[in-house]
> 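The structure that follows is given in the form of structure tokens.
The shown structure was predicted, so the numbers you read here are calculated from the model rather than taken from an experiment.
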Amino acid sequence: MSPRSELFHSIIDIIQSGRSLDLVGEHGSGRTHLMRRVTAHFETLGWRTLTVTGLPAFRKAPLVALGIAGIAEAQEGRPSNISATVRAVTARLQAGRSLIAVDDYSWGVITTVQSQIGVTVMTTRLLHEAVHAPALPSSGFATTYALALPGMGYAELETALDQLLNVRFDSSTLSRIFAKSGGNIGLAAAVVDAAERAGQLHTVDGIARASGSLWTPALRAITEVILQPLSREAIEALEVLSLLGPADIATASKVVSSEMMSHL
């Protein structure tokens, strides 16, 4: 069984036991995909679900995320509608067999409903984002587990790319994609797409092979998003290490401190 499959089954067990869950991962790690898979599983079991998608632009707009999720009482976004929104969400769910899936935050109403009827809450957030207000009822006695979503292993990434892009790669190309993405499925898919558009990846008889560098300037924006949590000093250290090329620790430690390498 792959690590992602094991994680999926662990999440199912946690939620079925009545605990809540905070799923943490990097940009492109597949947090949203896994959340949708879990939600779909419980919907097939007859659970009531409410999926709420949070965006940074919504942070200062009361109830907007819930309004977009289909809660009519929240669509005007006025603080005066909070009580009506709580009643509407409570009526839509039921104690024991309900799941609120929150992709990247949205709290006041959700924690109130959780406190009132004990509904399970599954949230996702970025690994390097400041910890948000906990998804716990006011009593503080509910249990919320935090699970980190790791990068995919080599074989797991191969399977995921095959399913996502409907193409297989020769072993050399796949090794290069894995090395450049670190097992991050979102980044790996972007690397493949950019290489195809740049004419550096060709598919013959269903097998894709790289004919040049897998790096293209089109990946710059994605790279900046991934590097955003790092300090200027850390980015400068990465730039220095990149100039060395493949190097052992002893060589790298001559240009970058061991403390910085541990941080990276």
> Between Arg168 and Glu158, is the closest basic N to carboxylate O distance under 4.0 Å?
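Result for this pair is yes, salt bridge flagged.
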> Indicate yes or no: at least one non-hydrogen side-chain atom of His202 is less than 4.5 angstrom from one of Arg209.
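No, too far: nothing below the 4.5 Å cut-off.
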> Is the backbone of Ser253 close enough, under 3.5 Å, to the side chain of Ser257 for a donor and an acceptor to pair up by distance?
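Checked: no pair found.
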> Any link between Tyr154 and Ile177 through a network of hydrophobic side chains (Ile, Leu, Val, Met, Phe, Trp, Tyr) touching at under 4.5 Å?
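Tyr154 and Ile177: one cluster.
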> Going from CZ on Arg48 to CD1 on Ile100, what distance comes out if it is rounded to the nearest 0.5 angstrom?
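That separation rounds to 12.5 Å.
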> Check whether any side-chain heavy atom of Ser20 sits under 4.5 Å from a side-chain heavy atom of Met122, and report yes or no.
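No, their side chains stay 4.5 Å or more apart.
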> Does some side-chain heavy atom of Leu161 sit less than 4.5 Å from a side-chain heavy atom of Val167?
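Of all side-chain heavy-atom pairs linking Leu161 with Val167, none is under 4.5 Å.
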> For residues 84-93, please give each side-chain donor-acceptor pair under 3.5 Å, one per line with the distance, not counting sequence neighbours.
from, atom 1, to, atom 2, distance (Å)
Thr85, OG1, Asn81, O, 2.8
Thr90, OG1, Val86, O, 2.8

> Under 4.5 Å between side-chain heavy atoms, hopping through other hydrophobics if needed: is there a path connecting Ile222 to Leu164?
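Shared cluster, yes.
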> With the 4.5 Å side-chain cut-off for hydrophobic clustering, are Met35 and Leu45 part of the same group?
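Yes.
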> Would you verify whether the NZ or CZ of Arg37 falls within 45 degrees of the ring axis of Phe8 while also being under 6.0 Å from that six-membered ring's centre?
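Cation-pi check for Arg37 and Phe8: passes.
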> Are Leu23 and Thr123 close enough that some pair of their side-chain heavy atoms sits under 4.5 Å apart?
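Counting from C-beta outward, Leu23 and Thr123 never come under 4.5 Å.
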> Step by step, work out the side chain to side chain contact (heavy atoms under 4.5 Å, CB included) result for Ile207 and Phe169.
CA-CA 5 Å; Ile207 302 296; Phe169 301 87; 5.9 Å; no
> Is any side-chain heavy atom of Ile12 less than 4.5 Å from a side-chain heavy atom of Phe42?
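Of all side-chain heavy-atom pairs linking Phe42 with Ile12, at least one is under 4.5 Å.
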> Can you check side chain to side chain contact (heavy atoms under 4.5 Å, CB included) on Leu21 and Ile11, steps first, answer last?
CA-CA 8 Å; Leu21 176 71; Ile11 292 171; 3.4 Å; yes
> So, taking the atom named OG in Ser171 and the one named CZ in Arg176, what distance separates them when rounded to the nearest 0.5 Å?
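Reported value, rounded in 0.5 Å steps: 11.5 Å.
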> Within a reach of under 6.0 Å around CG of Leu243, are more than 12 heavy atoms found that belong to other residues, nucleotides or ligands?
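Above 12, so yes.
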> On a heavy-atom basis, which atom in Ala250 and which in Lys254 lie closest, and how many Å separate them?
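Reported closest heavy-atom pair: O-CG, 3.5 Å.
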> Looking just at side-chain N and O atoms, do Thr173 and Asp170 make a donor-acceptor pair shorter than 3.5 Å?
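Asp170 and Thr173 do have a side-chain donor-acceptor pair below 3.5 Å.
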> Side chains of Gln200 and Ser211 only: does a donor on one sit below 3.5 Å from an acceptor on the other?
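Ser211 and Gln200 do not have a side-chain donor-acceptor pair below 3.5 Å.
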> Could you give me the CA-CA distance, side-chain angles and deciding distance for Ser181 and Leu157, then say whether side chain to side chain contact (heavy atoms under 4.5 Å, CB included) is met?
CA-CA 10 Å; Ser181 67; Leu157 183 69; 3.8 Å; yes
> Go through it in stages, so that I can follow the logic: the residues are Val52 and Leu66, the test is side chain to side chain contact (heavy atoms under 4.5 Å, CB included), and I'd like the CA-CA distance, side-chain angles, deciding distance and then a yes or no.
CA-CA 6 Å; Val52 183; Leu66 285 167; 3.7 Å; yes
> Are Thr53 and Asp103 close enough that a side-chain donor and a side-chain acceptor fall under 3.5 Å?
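Distance-only check fails for Thr53 and Asp103.
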> Answer yes or no: does atom NE2 of His33 have more than 12 heavy-atom neighbours from other residues, nucleotides or ligands under 6.0 Å?
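Not more than 12 within 6.0 Å, no.
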> Is it true that a side-chain atom of Arg197 and a backbone atom of Ala218 form a donor plus acceptor pair closer than 3.5 Å?
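Not a single qualifying donor-acceptor pair exists.
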> Going by side chain to side chain donor-acceptor pair (under 3.5 Å), name the residues that satisfy it together with Thr39, two or more places apart in sequence or in a different chain.
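Partners of Thr39 by the side chain to side chain donor-acceptor pair (under 3.5 Å) criterion come out as none, since no residue qualifies.
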> Calculate, to the nearest 0.5 Å, the distance between atoms CD1 and CD belonging to Ile235 and Glu224 respectively.
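The CD atom of Glu224 is 9.0 Å from CD1 of Ile235, to the nearest 0.5 Å.
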> Pairs in or reaching into residues 236-248: which pass side-chain hydrogen bond (donor to acceptor under 3.5 Å, both in side chains), with residues at least two apart or in two chains?
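Qualifying pairs: Arg232-Glu239, Asp248-Thr251.
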> Heavy-atom count around Arg220 CZ within 6.0 Å, excluding the residue itself: above 12?
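Not more than 12 within 6.0 Å, no.
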> So, taking the atom named NE2 in His41 and the one named NE2 in His9, what distance separates them when rounded to the nearest 0.5 Å?
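Between His41 NE2 and His9 NE2, I get 8.5 Å after rounding to 0.5 Å.
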> To the nearest 0.5 angstrom, please state how far the CD1 atom of Ile185 sits from the CG atom of Leu149.
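These two atoms lie 11.0 Å from each other.
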> Out of curiosity, Gln16 CD to Arg97 CZ, how far, rounded to the nearest 0.5 Å?
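Gln16 atom CD to Arg97 atom CZ measures 9.0 Å (nearest 0.5 Å).
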> Is the backbone of Gly206 close enough, under 3.5 Å, to the side chain of Thr203 for a donor and an acceptor to pair up by distance?
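No: the side chain of Thr203 does not pair with the backbone of Gly206.
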